[in-house]
Structures are given as C-alpha cells and as structure tokens.
K.L.:
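First, the structure itself, so that you have it in front of you.
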Number of protein chains: 2
Amino acid sequence: MTTPITFYFDFSSPYGYLASERIEAIATRFGRQVDWRPILLSVVFKETGGTPLIKIPFKGEYSLRDFARSARFMNVPYTHPTHFPVSSKHAARTYYWLQEHHPAQAVAFLHATYRAYFSAGQDISNLDTVLDLAVAQGADRAALNEALAGQALKERLQVECATALQKGVFGSPFMFVDGEAFFGADRLPQIEHWLATGGF
Amino acid sequence: MTTPITFYFDFSSPYGYLASERIEAIATRFGRQVDWRPILLSVVFKETGGTPLIKIPFKGEYSLRDFARSARFMNVPYTHPTHFPVSSKHAARTYYWLQEHHPAQAVAFLHATYRAYFSAGQDISNLDTVLDLAVAQGADRAALNEALAGQALKERLQVECATALQKGVFGSPFMFVDGEAFFGADRLPQIEHWLATGGF
C-alpha cells in the first residue's frame, strides 16, 4: 500500500500548471496516485511574507521569460495570461466541491481550468468562466453556483491553506512524497529519482 | 567562434557550488569555455531587495534540506557549513587577482575554495584560509596579501557586481548562454538543451 503524492498548487501558478501536466505520468509509473490540493498563495504569503514572483525586482522579468522557456523545455503548451496573477478562489473552491460530489469530474476540471488559463487565454478569476468549465465536465451549474456563494466551501479552502502552511508549504507547486517536500516544477526529476530509489 | 558561458556566482552559494561542479563538463561537450564571475550577493541584494534563502521564513528550512538533497541528486559531495552564509569577499577578490596574474591558477583556486567551504568544513570568510588556498595553487602569499589590502581589487569586485546587476543578475548561480539568462543549478538541463539545439 503506497501513499499518494500530495500536490499543493495555486490555479494561478505557472510552475504549478507545468508540473500538473507531468506529475500523473510520473505517479502512474511508480504505482502512485496524486492527491491534488489547490490553495491560495495570497493566503500563504500573508503568513510567510512571500511575494508573487513577477512583482519581485529583477526576478520578475526573468520569471516571465523562464515560465515560457520552461514550458517549451517540458513540451507543455503555454501562453502567458493577459491578467496575471489572478484570484483563483472560485477555481479552488470548485475543485473541492467537485471532489466531494463528483470526484470523477474534479481532476478533469483541474486540468481544463489550468489549460484554459495558461493556454486558451481565459480569465479563470471570473466566476462564470469557472462555472462554464465545471459544467463542461458535467457539473450542475445551479448547485455549484449556490455552493460557491455559501460558507462551507470558503471554510474548506481556508482549512486547506492552513494545513498546507502547517506542513511548510510556501509556494506552488509544492509536493510531498512519503513526507519528503519538493518545491517547484524543476524538482520533478528529483521526485522521479526519489520514487525509483525509495529515497536518496 | 563561440562565446563563453558566463557564470556569475557567490562563493557562499550552495547552488553556485553545485553548478560549478558540472558546468565545465557541459561547456566542453559543446566546445564552450566558462567565464567565471564571482560576485557578492550581499551587494546584489542591496539593490534588488533580495534575502539570503535560509533567512526566508518557511523557505529557509526547506532550502537546508534541498541543498543536501540536490547535492546527492547531482552526485556532488556536500556538507552544510557550520557558518553559513559568510562573507566571500576575500575569495572573490583573490579569484580576480589570480585571473589577472596567474590565470592558470584561478579556476583551480575557485574549485578548491568551493570544496573547502562546502565539503571540507573550512571557513572561507577567513583571510588566512583564503591565502592558504591560493598559495596551495602556487600564488605568492605576500603579493596576494598586499593586493587584498589595496583599493584596486575592491574596486574590481564592485565593478563586477555593478555589471552583474546591469545584466539582471539577482542570485547565484546566474548563467548566460549567448545572452540567454539561466538562474539556478536546476537550470543546467535547460542550458544543455539550449546548447544542443542552438536555442529553443
């Protein structure tokens, strides 16, 4: 019995998107599942003092170039969003709602939403856009819309962010393999090696 | 005629050390030289607002683990220094002095100094330690000691830091291949791919 790879991410994170396109193939190769955990970096940064990459002097300009180059290197389609970064709260809450009510749709929604934002030019901070993406996976628009307006889903996302912080998460993607923490899409080769060797 | 790979680094940077152990093999494979450029991150951070990794909440603890794990992944000997980070001004100035007067010793000194700090437990912020390391490569202790007390070497290092900042350098290692910027030891695979494909 193996434990899943826990994959913390923000739907507005370029490196989270890039890793999300590759982590399942790695997990599958080693008989693992992926436990997806969307969080809000805005909430995390309040606690850690972090700053969105592109707002950091010098590093911001480099990052814009590195997002696109890393995507080409990993062979993942990428078009930098016009609005960036954006609030991903509707997307994150929708993921947890789907996971609870229609688990088969949750992961499909996750990938569709990441691709909509980082490849198809859609603004995933927009509630209607998120509802459209969920409906396209089979979700009931009215039920989801009602849930998104309620308190329970907000609290669920708050708990996920608080739990992530307790585990030391400070960015996206942030992955755990058997308790070992890996930060960044560029740590996927180390994750593969960790799984292949049982830790190194 | 190909241009060298410019390799900006701080002698107190773990990822700079890891990359320094691998960049020459990559460069050689593609007929390139390495143009080593030690700088002081303390000077760079004054301009960029950067912070030493291990002083960043959450990220600091992770980094300590990642330094050692990345070293194992890259198969580079690594023992985290007792005193870290330290001032690397003597080491950086010594490198430029050797480069001017005894170029053949400069790169050997560079590797010896990095290994002394990150593998052999020596404190490279200590002037005598740096002098010993240079003398071991054949340098004249008295001449170097005098040069390190003078103004010219201080100014040389200041100019290197200022030039690095003008080129957008904000951390270590920071590498340029034909004008393309790569930050971090984890970008070595992208550098290899860049050299193999002529840019991607």
Side-chain angles (χ1 to χ4, degrees), chain A residues 8 15 18-19 41 44-51 53 55-75 78 164-172 174-177 179-197 199-200, chain B residues 8 15 18-19 41 44-51 53 55-75 78 164-172 174-177 179-197 199-200:
Chain A
Y8 283 102
Y15 298 124
L18 297 181
L41 283 184
V44 168
F45 287 169
K46 269 181 204 161
E47 187 78 23
T48 63
T51 309
L53 265 180
K55 294 185 180 172
I56 301 174
F58 290 76
K59 203 166 193 171
E61 284 175 52
Y62 171 80
S63 295
L64 284 176
R65 197 164 176 91
D66 191 65
F67 296 156
R69 189 181 63 209
S70 295
R72 293 194 301 275
F73 183 65
M74 296 172 70
N75 204 22
Y78 185 87
L165 278 163
Q166 280 166 14
K167 293 166 78 174
V169 172
F170 56 81
S172 164
F174 204 102
M175 299 153 281
F176 291 94
V177 180
E180 182 76 6
F182 296 88
F183 168 55
D186 43 34
R187 289 297 176 273
L188 291 179
Q190 290 198 23
I191 289 179
E192 277 194 81
H193 190 54
W194 191 273
L195 290 165
T197 58
F200 63 88
Chain B
Y8 282 102
Y15 298 123
L18 297 182
L41 283 184
V44 168
F45 287 169
K46 268 181 203 161
E47 187 77 22
T48 64
T51 308
L53 265 179
K55 294 185 180 173
I56 300 174
F58 290 76
K59 202 167 192 170
E61 285 176 52
Y62 171 81
S63 295
L64 284 175
R65 197 163 177 92
D66 191 66
F67 295 156
R69 189 181 62 209
S70 294
R72 294 195 300 276
F73 184 65
M74 295 171 71
N75 203 23
Y78 185 89
L165 278 163
Q166 278 166 15
K167 292 165 78 174
V169 172
F170 56 81
S172 165
F174 204 102
M175 298 153 282
F176 291 93
V177 180
E180 182 76 7
F182 296 88
F183 168 55
D186 43 34
R187 288 297 176 272
L188 291 180
Q190 290 196 24
I191 287 179
E192 277 195 81
H193 190 55
W194 191 273
L195 289 165
T197 58
F200 62 88

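So you know, we letter chains A, B, ... as the sequences are listed, proteins then strands, and number each from 1. What's counted below: heavy atoms across the whole structure, side chains too, no hydrogens, waters or symmetry copies.
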K.L.:
So do the side chains of B:L53 and B:Y15 get within less than 4.5 Å of each other, counting heavy atoms only?
P.N.:
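Yes. Closest side-chain heavy atoms under 4.5 Å.
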
K.L.:
Aromatic rings B:F170 and B:F174: how do their planes relate, parallel, tilted or perpendicular, breaks at 30° and 60°?
P.N.:
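Rings of B:F170 and B:F174: perpendicular, as their planes differ by over 60°.
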
K.L.:
Say whether, by atom type as modelled, one donor and one acceptor occur between the side chain of B:Y62 and the main chain of A:F183 under 3.5 angstrom.
P.N.:
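Such a contact is found between B:Y62 side chain and A:F183 backbone.
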
K.L.:
Which bit of B:T197 comes within less than 4.5 Å of chain A, counting heavy atoms only: side chain, backbone, both or neither?
P.N.:
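B:T197 has no heavy atom closer than 4.5 Å to chain A.
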
K.L.:
Identify which part of A:R187 has an atom lying under 4.5 Å from any heavy atom of chain B, answering side chain, backbone, both or neither.
P.N.:
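For A:R187, side-chain heavy atoms alone lie under 4.5 Å from chain B.
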
K.L.:
May I ask you to name which of A:G171, A:G168, A:P57, A:S70 has the most heavy-atom pairs under 4.5 Å with chain B?
P.N.:
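Winner by heavy-atom pair count: A:S70.
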
K.L.:
Got a sec, which residues hit salt bridge (charged side-chain N to carboxylate O under 4.0 Å, His left out) with A:R65, two or more places apart in sequence or on another chain?
P.N.:
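Counting only residues at least two positions away or on another chain, A:R65 forms a salt bridge (charged side-chain N to carboxylate O under 4.0 Å, His left out) with B:E180.
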
K.L.:
At a heavy-atom distance under 4.5 Å, which candidate from A:Q190, A:E47, A:H193 has the highest pair count against chain B?
P.N.:
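Going by pairs under 4.5 Å, I would pick A:Q190.
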
K.L.:
Please report the interatomic distance CD1(A:I191) to CG(A:D186), rounded to the nearest 0.5 Å.
P.N.:
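If I round to the nearest 0.5 Å, the distance is 10.0 Å.
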
K.L.:
Can you tell me which portion of A:I56 sits under 4.5 Å from chain B's heavy atoms? Options are side chain, backbone, both or neither.
P.N.:
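Neither part.
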
